[in-house]
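Reading through the structure tokens given below for one structure.
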Amino acid sequence: MSFPDITPSLKATMPDLRGRLLANQSLAELTWFRVGGPAQVLFTPADEDDLAYFLAHLASDIPVYVVGVGSNLIVRDGGIAGVVIRLAPRAFGEASASGDIVTAGAAALDKRVAEVAASANIGGLEFYFGIPGTIGGALRMNAGANGGETKDVLIEARGVGRDGTKHVFSNADMKFVYRNSGVDPSIIFTSARFRGEVKDADAIRARMAEVQSHRETAQPIREKTGGSTFKNPPGHSAWKLVDAAGCRGLRVGGAQVSEMHCNFLINTGDATAHDIETLGETVRARVKANSGIELHWEIKRIGVSMITVIPGLAKREPGIHRAAETVERWILRCAIAHRSSRLRRAPE
């Protein structure tokens, strides 16, 4: 699967762009599941100003998505039409500490932020040591573990809107709830400031060791996985509901519910994104039938499945055919625009 190459037209409308644009770039290598199709365009901005410039000059009807280290993400097999933005660690991955304040870029690993805080004897951020993502994702989903959440320590976050406008959000502005924030989904977070508390260094390190030990003994961290699959329903543990529904070890194609922790799905080696998502939906259906409780995905799923982008195929996948049709119309518009551009450039 490949999309029309629109990078020449993007570059033509953005002469001062300093970041990198890549056409039809594979995204499987950027996700922990190691599955998924390509991005029509993958953009890596040089810095926050470059990101703002790009968004300000990007046509408003072009879809935009953001990926981090792909630890909580399924990219569907048909890929992603439009632009995928990835904030690189070189420009957005710095983390520093002063007093009881920790400042971090959106591409900084959560674990790295915990380490920077610990090195400055700042406690309260130890929970980040057990979260396999970046600060950008933590801000978007109010990431938490081992009794701590992002909302507990955030002072403010910076981000860029779809129109290129820069914003600063206080903790209250973020409107945090369990595993989500209320900020406009089109905002791309670029950095954040956190406040911890000065503590004994040995106590901080001991707590981080506990967090790491829990991950290693209770979670399949050495597998191709995506972290916790489903949110915990109020008053329940998702993994217990999955286990009670008889789904531990359940397989679909190359995807399997982890035997170690059944709120984790794993790619056993040859899974497709379709396998993984189908397995997740099968688990949700069985849990609903067994307990009456509906599980909600914690893992983000983006793009379209391969079946929805094959012209003439009547079969559509439940729940995403409308999105697929929208993407197909977008691809068609891109192809027409690309052809028109080539015709305009052709010599007379």
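Numbering starts at 1 and runs along the sequence shown.
With sequence neighbours excluded, the residues that form a side-chain contact (heavy atoms from CB on, under 4.5 Å) with Val183 are Arg140, Phe169, Met174, Ser181, Ile187, Phe189.
Atom NZ of Lys166 has more than 12 heavy atoms from other residues, nucleotides or ligands within 6.0 Å. No more than 12 heavy atoms of other residues, nucleotides or ligands lie within 6.0 Å of CZ in Arg20, so this atom counts as exposed by the packing criterion.
The hydrophobic cluster containing Val211 also contains Ile204, counting ILVMFWY residues as joined when their side-chain heavy atoms lie under 4.5 angstrom apart, directly or transitively. Linking Ile, Leu, Val, Met, Phe, Trp and Tyr whenever their side-chain heavy atoms come within less than 4.5 Å puts Leu21 and Leu51 in one cluster. Residues Val242 and Ile276 share a single hydrophobic cluster, defined by chaining ILVMFWY side chains whose heavy atoms lie under 4.5 Å apart. Using a 4.5 Å cut-off between side-chain heavy atoms of Ile, Leu, Val, Met, Phe, Trp and Tyr, with links allowed through other members, Phe92 and Ile188 fall into the same hydrophobic cluster. Cluster membership check: Met141 does not share its hydrophobic cluster with Tyr128, using side-chain heavy-atom separations under 4.5 Å among Ile, Leu, Val, Met, Phe, Trp and Tyr.
A donor-acceptor pair under 3.5 Å links the side-chain atoms of Arg76 to the main chain of Gly303, judged by distance alone. A distance-only check finds a donor-acceptor pair linking the side chain of Thr150 to the backbone of Ala143 [under 3.5 Å]. Panel note: side chain Thr268, backbone Gly254; a donor-acceptor pair is recorded below 3.5 Å. Looking at Ser98, its side chain never comes within 3.5 Å of a backbone N or O of Ile101 through a donor-acceptor pair. No donor-acceptor distance shorter than 3.5 angstrom exists from the side chain of Asp243 to the backbone of Lys240, with no hydrogens or angles considered. The backbone N or O of Ala28 sits less than 3.5 Å from a side-chain atom of Thr31, completing a donor-acceptor pair. For Asn232 (side chain) and Ala238 (main-chain N/O), a donor-acceptor pair under 3.5 Å exists by modelled atom type. Judged by distance alone, the side chain of Ser119 and the main-chain N or O of Glu115 form a donor-acceptor pair under 3.5 Å. Put simply, the side chain of Asn24 gets close to the backbone of Phe3: a donor and an acceptor are under 3.5 Å apart. The main-chain N or O of Val198 is never found under 3.5 Å from a side-chain atom of Asn121 such that the two would form a donor-acceptor pair.
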I would like to know whether Val67 and Ile302 meet side chain to side chain contact (heavy atoms under 4.5 Å, CB included); could you show each step before the answer? CA-CA 10 Å; Val67 301; Ile302 57 177; 4.2 Å; yes
For a side chain to side chain contact (heavy atoms under 4.5 Å, CB included) check, start with the C-alpha distance between Leu10 and Ile62, then their side-chain angles and the critical distance, and finish with the verdict. CA-CA 11 Å; Leu10 293 179; Ile62 298 180; 4.3 Å; yes
Chi angles and distances behind the salt bridge (Lys or Arg N to Asp or Glu O under 4.0 Å) call for Arg248, Glu259: CA-CA 6 Å; Arg248 186 184 293 269; Glu259 296 273 7; 5.2 Å; no
Where do Arg205 and Glu126 land on the salt bridge (Lys or Arg N to Asp or Glu O under 4.0 Å) test, with the steps shown first? CA-CA 8 Å; Arg205 292 292 180 184; Glu126 296 94 335; over 6 Å; no
Trace of the side chain to side chain contact (heavy atoms under 4.5 Å, CB included) decision for Met14 with Leu58: CA-CA 8 Å; Met14 305 176 190; Leu58 184 68; 4.0 Å; yes
Apply the test side chain to side chain contact (heavy atoms under 4.5 Å, CB included) to residues Trp32 and Ile299: give CA-CA distance (whole Å), side-chain angles for both, the deciding distance (0.1 Å), then the verdict. CA-CA 12 Å; Trp32 282 30; Ile299 289 176; over 6 Å; no
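For the pair Ile135 and Ala104, the tightest heavy-atom approach, listed with the atom from each and the gap, is CG1-CB, 4.1 Å. Minimum heavy-atom separation, Cys247 to Val257: O-CB, 3.2 Å. Closest non-hydrogen pair, Arg286 versus Gly246, comes out as NH1-O, 4.4 Å. The two residues Gly133 and Ser71 come nearest to each other via the heavy atoms CA-OG, 3.4 Å. Of all heavy-atom pairs between Ala117 and Leu125, the closest is CB-CB, 4.3 Å. The shortest heavy-atom contact between Asp5 and Thr7 is OD1-OG1, 2.6 Å.
Once rounded to the nearest 0.5 Å, the distance linking CE of Met208 with CZ of Phe127 reads 12.0 Å. Between the CG atom in Leu295 and the OG1 atom in Thr229 there is a gap of 10.0 Å [rounded to 0.5 Å]. Taking CG of Leu55 as the start and CG of Asp50 as the end, the distance is 10.0 Å to the nearest 0.5 Å. Summarising the geometry, atom CZ belonging to Arg179 is positioned 9.0 Å from atom NZ belonging to Lys231; distances are rounded to the nearest 0.5 Å. Rounded to the nearest 0.5 angstrom, Ile131 CD1 and Leu109 CG are separated by 12.0 Å. Taking NE2 from His167 and OG1 from Thr190, the interatomic distance works out to 10.5 Å, rounded to the nearest 0.5 Å.
Using a 4.5 Å heavy-atom cutoff, the side chains of Pro4 and Gln40 are in contact. Using a 4.5 Å heavy-atom threshold, the side chains of Arg18 and Asp49 count as touching. Two residues are said to be in side-chain contact when any heavy atoms from C-beta on lie closer than 4.5 Å; Phe230 and Glu298 fail this criterion. At a threshold of 4.5 Å between non-hydrogen side-chain atoms, the residues Phe176 and Asn171 count as touching. No side-chain heavy atom of Val177 sits under 4.5 Å from any side-chain heavy atom of Asn142. Put simply, the side chain of Val102 does not reach to within 4.5 Å of the side chain of Val153, judged on heavy atoms. Looking only at side-chain heavy atoms (C-beta outward), Trp297 and Ile74 come within less than 4.5 Å of each other. Two residues are said to be in side-chain contact when any heavy atoms from C-beta on lie closer than 4.5 Å; Asp100 and Glu197 fail this criterion.
Taking Ile, Leu, Val, Met, Phe, Trp and Tyr as hydrophobic and joining them when side-chain heavy atoms fall under 4.5 Å apart, one finds Phe264 isolated, its cluster having no other members. Here Met260 sits alone; no ILVMFWY side chain lies under 4.5 Å from its own, so it joins no hydrophobic cluster. Grouped by direct or indirect side-chain proximity (heavy atoms under 4.5 Å, Ile/Leu/Val/Met/Phe/Trp/Tyr only), Trp239 sits alone.
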Without placing hydrogens or testing angles, list every side-chain donor-acceptor pair under 3.5 Å for residues 80-90, not counting sequence neighbours.
{"residue": "Arg86", "atom": "NE", "partner": "Gly68", "partner atom": "O", "Å": "3.2"}

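Listed by first and then second residue, the side chain to side chain donor-acceptor pair (under 3.5 Å) pairs that reach into residues 151-162 are Glu48-Arg158, sequence neighbours excluded.
With Phe33 as the aromatic partner, Lys224 does not meet the cation-pi criteria of under 6.0 angstrom to the ring centre and within 45 degrees of the ring axis.
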